[in-house]
Amino acid sequence: MTEPVNVLVAVAWPYASGSRHIGHLAGAYLPADIFARQQRLVGNRVLMVSGSDVHGTPITVRAEAEGVSPQDIVDRYHSQILEQWDRLGMSWDLYTTTGTDNHARVTQDMFLAQLENGFIDRRVSEQFYDPEVERFLPDRYIEGECPHCGYGDARGDQCDNCGKTLDPIELIHPRSKLSGATPERRQTEHFYYRYSDFTDRLRSYLDSKTDWRPHVVNFAKGWLEDEGLQDRAITRDIDWGIDIPVDDLGPGKKIYVWYDAVIGYLSASKEWAAGDRNPSGDPQKWRDWWENRDSRHVYFIGKDNIPFHALFWPAQLMGAGDLHLPDSIPANQYVTFKGGKASASRGIGLTIADALEIFEPDALRFALAAALPEHADTEVSVEEIGRRINEELVATWGNLVNRVLSMVYKNCDGRIPGTSGHHTEDLELLATVDAAFDAGAAQFAQVELKAGLRTAMKAAQATNGYLNATEPWKLQKTDAERAAQVLHTALSAINGVRVLLAPYLPFTSERLDSVLGAPTGWRRDPLAAGTPIAKPTPLFAKVELEGAE
RNA sequence: GGCGACGUAGCUCAGCUGGUGAGAGUGCUCGACUCAUAAUCGAGAGGUCGUGGGUUCGAGUCCCACCGUCGCUACCA
């Protein structure tokens, strides 16, 4: 085997406002968890981090609408998200929030380093201001009449009716979404990050990423094509956010979300190192991932997040010092429902909570993993998820385990039989399963998780075929010794397949530990003959889908 | 408007740097089997690879145009 590598599995930070839907799950969280689990089995040192993004205008607006504090909103959704991760089997090394003191400190340190290095400066600009609620307004909080189509409720950034991109200045009869007041223009001073200084470095950085998915690298390069990256303000007139570590601008200003959110990958790594979950106890352990050229950083995000992770975040890292840049950003496309992008706020598709009401966690993970939008938008529906579970997961894998365990239980005194040698067909089956580990490892290295699942399922199908060919239920009557050999072989194959599937199906794979023992790595372990087995029960129940959805 | 991705069997999708008769899963038909959650295994039917041009000895795979779908368009993150 190759030397263990330090792998950072960095997962997009969900916004702690509103419910997550299964598009988010299939887009980022589930593939991250599958990948992380497989990498741990391979023997790599995995650090999988993420957390809830607690800053941003929408949270403050929602808080005001409900008459509670932003922290109340954050607490509500963060705990809801945590509970769902638990039910889904997400194997975080740390899932934190951007609301910690640690995150504020790391963000401020990075800000100061970039300021010191000359990549942050101050500029004055004009912004829209709502005099009634005394707050500066993001573009999309200004509404008015669209100058192109006359639609009355166009937002300041875009008209939902004709789809044209707008500048709030263009709106006819602009009004604040918060109060309805007519916005005023006021001057305000902010810190800007000089992203434009990094255009050339980013260009060669992206040019070196020849193995990235085409849609990711093309999209990122598209931003650099013309005049390169633009500098962006990284502070805001807002009172909910991280304090600016220098007081040059006066009160009422904070660091803005999208500058600090990506820093969460680093701050969470430091929080992990300093905490109880770091087995080494060394608070400097984060350096093994961030200050190590041989580590590998893989970012799991949806395609809407590509600019932030392929451009802005690398530029921030470059400006802060010698920290490890993203090695791979296997951004997924979208899961669609009836042709539309999943969106919890628009009521399209299923929320994670809805899905967990209908499907058991492993079955849901299986169905979504089989439909990951790795290369193109992928259509899913409740019926399709149910079909995948019943026709593929239950029929091929669940039934295989059940039929073999049932025969072993009945015919072998309830214990794993030993074996007195193998026939050619036995060895062929085991060789097929073992070969799947090599094929699967190659697919995981490319983060082709859908293909990895197919590889595992093919091994399961080969085992079903082996049973139909050898017919141990007949041998039992004529040649019990050979029947035991066959069952031993089939169970050994299952022992391999369950490891191949373990990244996808953590709960049910673990249920087999009592019979097969815990996996020791990305391989098929030998069986422990004589291990008693209980009367088998199916790993998965079929889903009953009544009528049309 | 600009940019990007996608458009391949009924359905959901693979097809890498162009090269023997276009694939998988599922569904459908037929057959085998009955240990197993009416599950399994085998065989078969089923496709103008969006449309029209072009490059090439040869294109699903490269180029152009068009049609359709989706997304992004920098103050949602």
Side-chain angles (χ1 to χ4, degrees), chain A residues 12-15 17 53 55-58 125 127-128 136-142 148 155-158 163-165 167-168 195 213-216 218-223 225-226 229-233 236 256-259 261-262 302-308 311-312 333-334 336 339-341 345 370-381 383-384 387-388 390-392 394-396 398-411 446 448 450-451 453-454 457-458 461-469 471-476 483 487 490 536-542:
Chain A
W13 290 56
Y15 208 39
S17 160
D53 178 1
H55 297 128
T57 306
S125 66
Q127 299 285 317
F128 282 94
F136 282 93
L137 297 167
D139 286 359
R140 62 170 43 199
Y141 280 85
I142 300 165
H148 301 284
R155 293 194 317 247
D157 57 343
Q158 189 174 42
K164 285 207 161 62
T165 305
D167 189 294
Y195 289 101
R213 294 178 184 169
H215 76 268
V216 177
N218 285 345
F219 189 73
K221 282 181 175 173
W223 278 57
E225 208 117 283
D226 304 327
L229 276 193
Q230 295 173 20
D231 300 335
R232 307 181 75 174
R236 284 295 185 281
Y256 197 50
V257 241
W258 58 252
Y259 172 83
V262 285
K303 65 178 168 184
D304 53 337
N305 241 326
I306 291 170
F308 290 88
L311 298 169
F312 300 153
Q333 312 255 8
Y334 290 130
T336 60
K341 176 190 173 185
S345 57
L372 291 178
E374 291 175 332
H375 299 282
D377 291 352
T378 299
E379 178 83 11
V380 304
S381 63
E383 293 81 359
E384 174 69 3
R387 185 197 67 71
R388 279 226 141 89
N390 290 344
E391 308 295 338
E392 298 180 20
V394 173
T396 303
N399 181 59
L400 170 64
V401 172
N402 199 41
R403 70 195 291 210
V404 170
L405 288 182
S406 295
M407 278 189 275
V408 170
Y409 179 74
K410 280 193 288 195
N411 300 339
Q446 294 298 312
E448 295 288 346
K450 205 158 55 167
L453 182 56
R454 278 247 56 80
M457 292 302 283
K458 271 188 177 169
Q461 287 171 330
T463 309
N464 274 320
Y466 166 85
L467 288 170
N468 282 39
E471 301 185 310
W473 51 91
K474 284 185 181 169
L475 289 170
Q476 188 61 33
L487 290 178
T537 54
L539 285 180
F540 310 95
K542 277 201 173 189

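Numbered from 1 within each chain, the chains take letters A, B, ... in sequence-line order.
At least one side-chain heavy atom of A/Leu229 sits under 4.5 Å from a side-chain heavy atom of A/Leu311. A heavy-atom distance below 4.5 Å is not found between the side chains of A/Gln461 and A/Tyr466. Contact check for A/Val404 versus A/Leu467: side-chain heavy atoms found under the 4.5 Å cut-off. Side-chain contact between A/Leu453 and A/Lys458 is absent, with no heavy-atom pair separated by less than 4.5 Å. Here the side chains of A/Phe219 and A/Pro307 are in contact, with some heavy-atom distance below 4.5 Å.
The residue A/Pro472 sits apart from the nucleic acid: no heavy atom pair falls under 4.0 Å. Within 4.0 Å of A/Gln476, counting heavy atoms only, lies no atom of the nucleic acid at all. Using a 4.0 Å heavy-atom distance criterion, A/Val394 is classed as a base contact. Residue A/Ala395 is in sugar-phosphate contact alone, with no base atom involved, counting any heavy-atom pair closer than 4.0 Å across all strands shown. Among the heavy atoms of the strands lying under 4.0 Å from A/His375 are primed sugar atoms or P, OP1, OP2 only; no base atom is included. At the heavy-atom level, A/Lys458 lies nowhere under 4.0 Å from the strands shown. Using a 4.0 Å heavy-atom distance criterion, A/Leu539 is classed as a base contact. If you check every strand for non-hydrogen atoms under 4.0 Å, A/Tyr141 touches nothing. When heavy atoms are screened at a 4.0 angstrom cut-off, A/Phe219 is found touching the sugar-phosphate backbone but no base atom. Across all strands, A/Phe540 comes closer than 4.0 Å to base atoms (heavy-atom distances).
A/Arg387 places its CZ atom 8 Å from the P atom of B/U26, with the value rounded to the nearest Å. Regarding A/Met457, its CE atom lies at a distance of 15 Å from the C1' atom of B/C13, rounded to whole Å. Spacing between atom OH of A/Tyr259 and atom C1' of B/A74 amounts to 18 Å, rounded to whole angstrom units. A straight line from CD of A/Gln333 to P of B/U69 spans 18 Å, rounded to a whole angstrom. Atoms NZ (A/Lys303) and P (B/A5) sit 11 Å apart, rounded to a whole Å. Whole-Å rounding puts the A/Asp304 CG to B/C76 P distance at 13 Å. As rounded to whole Å, 14 Å separates atom P of B/G25 from atom CD of A/Glu391. In this structure, CG of A/Asn218 is placed 5 Å from P of B/A5, rounded to the nearest angstrom.
Nearest to the side chain of A/Tyr334, among B/G71, B/A5, B/G25, sits B/G71. For A/Ser406, taking side-chain heavy atoms from C-beta onward, the closest of the listed nucleotides B/C35, B/A74, B/A14 is B/C35. Proximity note for A/Arg388 (side chain, C-beta onward) versus B/A36, B/U12, B/U34: the nearest is B/U12.
Looking at A/Ser381 and A/Glu379, their side chains never bring a donor and an acceptor atom within 3.5 Å of each other. For the residue pair A/His215/A/Gln333, the side-chain donor-acceptor check at 3.5 Å is satisfied.
If you take atom C1' in B/U37 and the same atom in B/G31, they sit 23 Å apart, rounded to whole Å. Distance check on atom P: B/U20 versus B/U34 gives 42 Å, rounded to whole Å. The P atoms of B/G10 and B/C70 are separated by 22 Å, rounded to the nearest whole Å. Distance noted for atom C1' between B/G18 and B/G58: 8 Å (whole Å). The gap from the C1' atom of B/U56 to that of B/G19 amounts to 12 Å, rounded to the nearest Å. Comparing B/U51 with B/U8, their C1' atoms are spaced 15 Å from each other, to the whole Å. Using atom C1' as the reference point in both B/G44 and B/C3, the two lie 46 Å apart (nearest Å). Nucleotides B/U61 and B/G15, compared at atom P, are 15 Å apart to the nearest Å.
A/Pro472 approaches A/Met407 most closely through the heavy-atom pair CG-SD, 3.9 Å.
Comparing A/Asn390 and A/Pro373 against RNA chain B, the residue whose closest nucleotide sits nearer the 5' end is A/Pro373. Along RNA chain B, the nucleotide nearest A/Arg454 and the nucleotide nearest A/Ala371 are compared for position; the residue whose nucleotide lies closer to the 5' end is A/Ala371.
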- Dot-bracket notation for RNA chain B, counting Watson-Crick and G-U pairs under 3.5 Å, with | for partners on another strand: (((((((..((((.....[...)))).(((((.......))))).....(((((..]....))))))))))))....
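When the side-chain nitrogen and oxygen atoms of A/Lys542 are compared with OP1 and OP2 of B/A39, one or more of them lie within a distance under 4.0 Å. At B/C76, one or more side-chain N or O atoms of A/Arg140 fall inside 4.0 Å of OP1 or OP2 (strictly under the cut-off). OP1 or OP2 of B/U12 has not a single side-chain nitrogen or oxygen of A/Lys450 nearer than 4.0 Å. One finds a side-chain N or O of A/Thr378 lying less than 4.0 angstrom from the OP1 or OP2 phosphate oxygen of B/C13.
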Detail all sub-3.5 Å separations between protein N/O atoms and N/O atoms belonging to nucleotides 41-44 of chain B.
from, atom 1, to, atom 2, distance (Å)
B/C41, O4', A/Asn468, ND2, 2.7

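A donor-acceptor contact shorter than 3.5 Å links the side chain of A/Arg213 to the backbone of A/Glu374. A distance-only check finds no donor-acceptor pair linking the side chain of A/Thr336 to the backbone of A/Tyr334 [under 3.5 Å]. Looking at A/Asp53, its side chain does come within 3.5 Å of a backbone N or O of A/His55 through a donor-acceptor pair.
Checked for salt-bridge contact, A/Glu384 and A/Arg388 meet the test: a charged N lies under 4.0 Å from a carboxylate O.
Between the side chain of A/Asn399 and the base of B/A36, at least one donor-acceptor pair of N or O atoms lies under 3.5 Å.
Between A/Trp258 and A/Tyr195, the angle of the ring planes lies from 30° to 60°, which puts this pair in the tilted group.
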